[in-house]
Each structure stands twice: as C-alpha cells, then as structure tokens.
Amino acid sequence: MSNPNIRVRFAPSPTGPLHIGGVRTALYNYLFAKKMGGTFLLRIEDTDQARYVPRAEEYIIDSLKWFGFLPTEGPGMGGEYGPYRQSERKAMYGQYATQLVENGKAYYAFDTPEELDAKRDAEKAKGNHNFRYDNVTRNEMKNSLTLSAEETQKRLASGEDYTIRLKVPVGETVTFTDLVRGEVSFETNELDDKVLLKGDGMPTYHLANIVDDHLMKISHVIRGEEWLPSTAHHILLYRAFEWEATMPQFAHLPLILKPVGNGKLSKRDGAKFNMPVFPLAWEAEQAEDSFLGFKEFGFLPEAVINFLAFLGWNPGTEQEIFSVSELCEAFSIDKIGKAGARFDYDKAKWFNQQYIHAAETQRLAELVRPLVAAKGYEVSDEFLVSYCELMKDRVVLLTDFIETGNYFFEGVTTYDDQNISKRWNAEVKTSFESLIGIIENATDFNAESLETAVKNFIQENGLKMGTLFPLLRIALAGTMKGPDVFKMIELLGKDDTVGRLQKAVEYFDNL
RNA sequence: GGCCCGUUCGUCUAGGGGUUAGGACGCUGCCCUUUCACGGCGGAAACACGGGUUCAAUUCCCGUACGGGCUACCA
C-alpha cells in the first residue's frame, strides 16, 4: 500500500561519521515511511564548507546500507526532486532569499562577523549577557532596514559581503503542535533575526531546510530535539513564503544521553566506556578521532536496530524482540517518549545475544569467517559451521566466537592449574589414560557414541563422572568453561583430541 | 543568564484519578547441567519535592528542585 502524500527525509550534515543518534533519527523516519506506505529520502546538508568532511557522505550511505534501510531517493539514488545535495542547490536558495527581501520578510545585513563579535563583547561589558540580533537591536545595526535604499544598493553593487536575515515580526506568538510533545509556543520577541543566507552565498540550515522540505514535498519532519527551539523560525519562514498550508508536521525526538554523567552521548563516550557509538569504523588522521563501530564490535545490524528502536519508543506491549518488518508494522509516532534516554550498553549487548541465538548458524559462520581469517586461523567451512553451532549459545558479540573459543583454533595455551591439581593423582592418571585409549579406539567417532563409551567405562570401573569429566574438559580446552565435552571431541576429531589429551597428561604430571 | 522541553525501579519503559504500580536490561537466589552458557522459576528495586483540585492523586493544575536542549554568517 503506497501513499504518495507521506514523504520523510533524513538530512544529515557530512561533518564526520554518522553517530548513533543520527542512525536512530534515520531509523524512525524509515519506520514511519514504511508504516505509512510513504517515501524515505536522503538529503545531504553540506552547506557549511568549513566543517565539510569528504568521506562522510559515503560513510552515511554505507551505514544505512549496513542496517538495510537505504532511502529510495537521494544522491546517487535517483528521485525526481534532486539534486539531493544542498551544495548543488546553492543558486536556488539565493533566489528564495532575495524573494523574501523583496516581499519585506527579510533584509540585507552588512555587519561583519568581527563587528558582531565586537558588539556582543560590548554588550557583555555593559552587563547584557544576552545580546541577540532581533527586532529591537536590528535598528542599531548595519542593514537595509537602517541604511538608505541608495546606500544599500551601493553596498550590494560594490560586491561587499552581506547576509540576508529573517525579519522576525514583533509581538506575535508562534504556536505549533509537535507530534511528540503536543502544543509548543514561542514569543517572536524572544527570537533573533536568523541569518538565512551567509556571506559566502550558501544558505544556513534554516533556509535550506525549509526550501528543500517544501520543494521535496516533505510531509513530516522527524528530527532530534535540538531543533525544537528553531522550529519557531522555521514556521515563520513557511509563513513568509506563504507555504503554511503545505507545511510539514513536526516530531522532535528525545535525545540519547550518556550512560553515566550529564549530557548527551558524545563520540568521546565510546572510548571512555569501551563501547561503540558509531555504526561502522571510521578512520581519521588522528588516532583519537578514529573509531570502531557496532559492526566491528561484533553486533548484528538488526540487533542494533531493535535496540535503537527501543531507545525512546516502545510498542506499548511486552514484546521486546522485533524484526525490522515487525517494527515497521508496530511503529507509531505517538508512542515516542518525551524524555531523553540514557544509552544502555548492557541492553544493546543483550539484544545482540538474542539475535545471535536466533540467527542461522550458516550466516553466523559467514560473519565469523573474516574474524577467523584475520587471526590467521585456518579451518574448513564445515568446521566453522559446527563450531558456531556449538558456541552460539554462549556468545554475546560475534567477536566472542574467536575469543571465548580460541582454544578450538590454536590449541590449549593456558591450563586451569587450580582445577587440575585438585583432581590429578596417580590413580586418576591410570583411569585417564584408559579413557584416552577408549577414545583412540572408538569406531563411531561421534558425540553420542563417545559419551556412551566413556560413561560405560566410568560405570564399569566404579568411578565418578565428577573426577574425570572436568579433567577431560581441561585437557581439551584448558578451562572449565565450554560446550559439551563430547561435542567438542567430535568437532576436534580423533587426532587432535588424542594429541591434546596426551599433551595434557604430560602437563598435568609436571604441575 | 534568557527561552523551550522534560522527570515512574540503577537503566530502558508500560500505565494512569481508586492497581499487590506491569515488563525488560543489570544485580541476586533456586532449578536444569560433567563445566560455562542457554533456558525455567523466584527476589530486592520506582511514581523528584511542596502546594492545590477531588471523597480519592503517582496520574489533573500551579510552583520548586533537578535534568536536557537552544541561545553562531554550525548543523
């Protein structure tokens, strides 16, 4: 069921790697579009040349690709409302800004950044800590409202740098209904005359955003709460353009907060808490600006999606595990919470564990393959699949597959000495060596037969499982932890198993 | 400082004028088990505070406190 009237966009700035809050914004937009049968598009807001980072746009798209919620319109993706990169729309914004000046809704301002800084400092010195360029102070600044028409024309003609500022009306109340917060209002007397067009001819976020959302027929603006205060300006802009009738609806998402401490989640929290805050790895010139992502930490994309979906939203039922398609079905804006949500890494890991348990073993093996290769281990595909099957219940992250089960690949490197010395003695050794013989001579080398054979041996000799099993386990794995001993033996194969057991006897003796 | 937004277990949250305030993560006890894990069954743990309104307020209103965001020719 498709609905051409529902169009939403994800509009990031390519200033660096896309952080996890941005991913969640993209996700909510995607889910909303899917739920409503609408369109989800990507728009790159690259109007700040100073902060532009070349690789960032590619990173954003790679990330969306990894999660599997790629927009259907965007740079390099087609769509009839392009271009979808704002830098490529530069000329258009200038025209719209000029139109606003002609209609008396905006004005030229000639104050240089230095002059503005000086003005702010001067006001601060006078005890005024909140100078703003507003409907009062504009009368004392250098702009087309205070300058004569001739002077303005002269400055424009001379090529002097100028900005175009929104002429915020006096004494009005701007009220709108936010889809998550309800009615919100602002007094225009508290609002500053935002710069619409910068000295370099580029639009600011405010202008570009409104023009593009209008031209791209955006029906719902779903974005972070940091944009709530500027929404008043945006509404004023829609009015100035006389686009209010088709103005999109707004939904401001609660922010994602630090796991502990004050403030919103930042990129530095990743290093601080040893957890990912970006979807994919990002390589920067400075080591401190380089990061590993959720992917490299060993997360499955759908687990991250499920986790993120629940950071600020819930379905109102007790179901927690949702596939992406279930999420699309269940999603609704009115279930989005209002308060900021702390980033809970433990919960993220729990989601991942749940998804790994439920994942096809074949797929896990494919994901683990490159990790195994990176370690230099050489194993067959059959081995890897069986190994993943054996380990998937005791793994939280994909990287755990090579860490907690490393002895499968490289043999036993360290033994649990304490548990050995507690159990090892001459008598036990005799039984243990008989046990090796049984394994060595086993004709049906599979877990079930081996278990029967070993248990029979134990019973016939009046031994206890508790004396031999732990030693068997330690001999094979070095540790008391791990999967079923007989399944381990089957996977390791006869030669490897017997080799490990013999090596262990020697080690146990010398302990 | 000003403006705007928010506040239910440690965390994510459900709920909503009368509930034993529900679930999940984490923590913890027991069971399962040759170990670890998985799984199952339990436990501790919350309505920020003060005033109203009301027969009744955690729920509605107002304050306060606390938290968050914005306050750039950044987005």
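Below, read A as the first sequence line, B as the second, and so on, with proteins coming before strands; counting in each chain starts at 1. These numbers come from a predicted model, not from an experiment.
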Would you indicate what [X] reaches in the nucleic acid, counting non-hydrogen atoms under 4.0 angstrom: base, sugar-phosphate, or nothing?
| X | answer |
| --- | --- |
| N130(A) | base |
| V485(A) | base |
| P254(A) | nothing |
| D484(A) | base |
| Q353(A) | sugar-phosphate |
| F310(A) | sugar-phosphate |
| G312(A) | sugar-phosphate |
| K258(A) | nothing |
| P113(A) | base |
| K264(A) | sugar-phosphate |
| T47(A) | sugar-phosphate |
| G263(A) | sugar-phosphate |
| G466(A) | nothing |
| D178(A) | nothing |

Quick one: L228(A) CG to G68(B) P, roughly how many Å, whole number?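 Going from CG in L228(A) over to P in G68(B) covers 17 Å.
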Taking the minimum atom-to-atom distance to the side chain of [X], which one of [options] wins?
| X | options | value |
| --- | --- | --- |
| D344(A) | A75(B), G23(B), U11(B) | U11(B) |
| F469(A) | A75(B), U34(B), C73(B) | U34(B) |
| F186(A) | G6(B), C4(B), C73(B) | C4(B) |
| K347(A) | C38(B), C73(B), G23(B) | G23(B) |
| E226(A) | U34(B), G69(B), C73(B) | G69(B) |
| A339(A) | C73(B), U7(B), C70(B) | U7(B) |
| T112(A) | G26(B), C73(B), C4(B) | C73(B) |
| L255(A) | G69(B), G23(B), U34(B) | G69(B) |
| P229(A) | G26(B), G69(B), C5(B) | G69(B) |
| W350(A) | C5(B), A24(B), U34(B) | A24(B) |

Look at the side chain of [X] against the base of [N] and say whether a donor-acceptor pair falls under 3.5 Å; ignore hydrogens and angles.
| X | N | answer |
| --- | --- | --- |
| K481(A) | A37(B) | no |
| R51(A) | C74(B) | yes |
| R181(A) | C5(B) | no |

Would you measure the distance from the [atom1] atom in [N] across to the matching atom in [M] and give it in whole Å?
| N | M | atom1 | value |
| --- | --- | --- | --- |
| G22(B) | C47(B) | P | 13 Å |
| C61(B) | G17(B) | P | 12 Å |
| C60(B) | G16(B) | C1' | 11 Å |
| G23(B) | U53(B) | P | 36 Å |

Would you say [X] places a side-chain N or O within less than 4.0 Å of OP1 or OP2 belonging to [N]?
| X | N | value |
| --- | --- | --- |
| K487(A) | U34(B) | no |
| N314(A) | U13(B) | no |
| R132(A) | G2(B) | no |
| K198(A) | A72(B) | no |

Once the angle between the rings of H234(A) and H206(A) is folded into 0 to 90°, is it parallel (under 30°), tilted (30 to 60°) or perpendicular (over 60°)? tilted
Under a 3.5 Å limit on both distances, the Watson-Crick or wobble mate of C25(B) is G10(B)
Tell which nucleotide pairs with C3(B), taking only Watson-Crick or G-U wobble pairs whose two distances are both under 3.5 angstrom.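 Pair assignment: C3(B) / G69(B).
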CD1-CG distance between I305(A) and L308(A), expressed to the nearest 0.5 angstrom: 8.5 Å
Given H233(A), which partner from the list N209(A), T204(A), D192(A) fulfils the side-chain hydrogen bond (donor to acceptor under 3.5 Å, both in side chains) test? D192(A)
Just checking, any donor-acceptor pair under 3.5 angstrom between side chains of T173(A) and E187(A)?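 Yes.
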Can you list, pair by pair, the side-chain donor-acceptor contacts under 3.5 Å of residues 162-172 of chain A, counting residues two or more places apart and other chains?
residue, atom, partner, partner atom, Å
R165(A), NH1, D193(A), O, 2.7

Looking at Y345(A), F343(A), W313(A), W350(A), which hits ring-ring contact (aromatic ring centres under 6.0 Å, His included) with F307(A)? F343(A)
Pi-cation contact, Y28(A) with R24(A) (under 6.0 Å, within 45°):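 Pair R24(A)/Y28(A) counts as cation-pi.
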Cation-pi check for F110(A) against R155(A): NZ or CZ below 6.0 Å from the six-membered ring centre and within 45 degrees of the axis, yes or no?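 Yes, R155(A) sits over the ring of F110(A).
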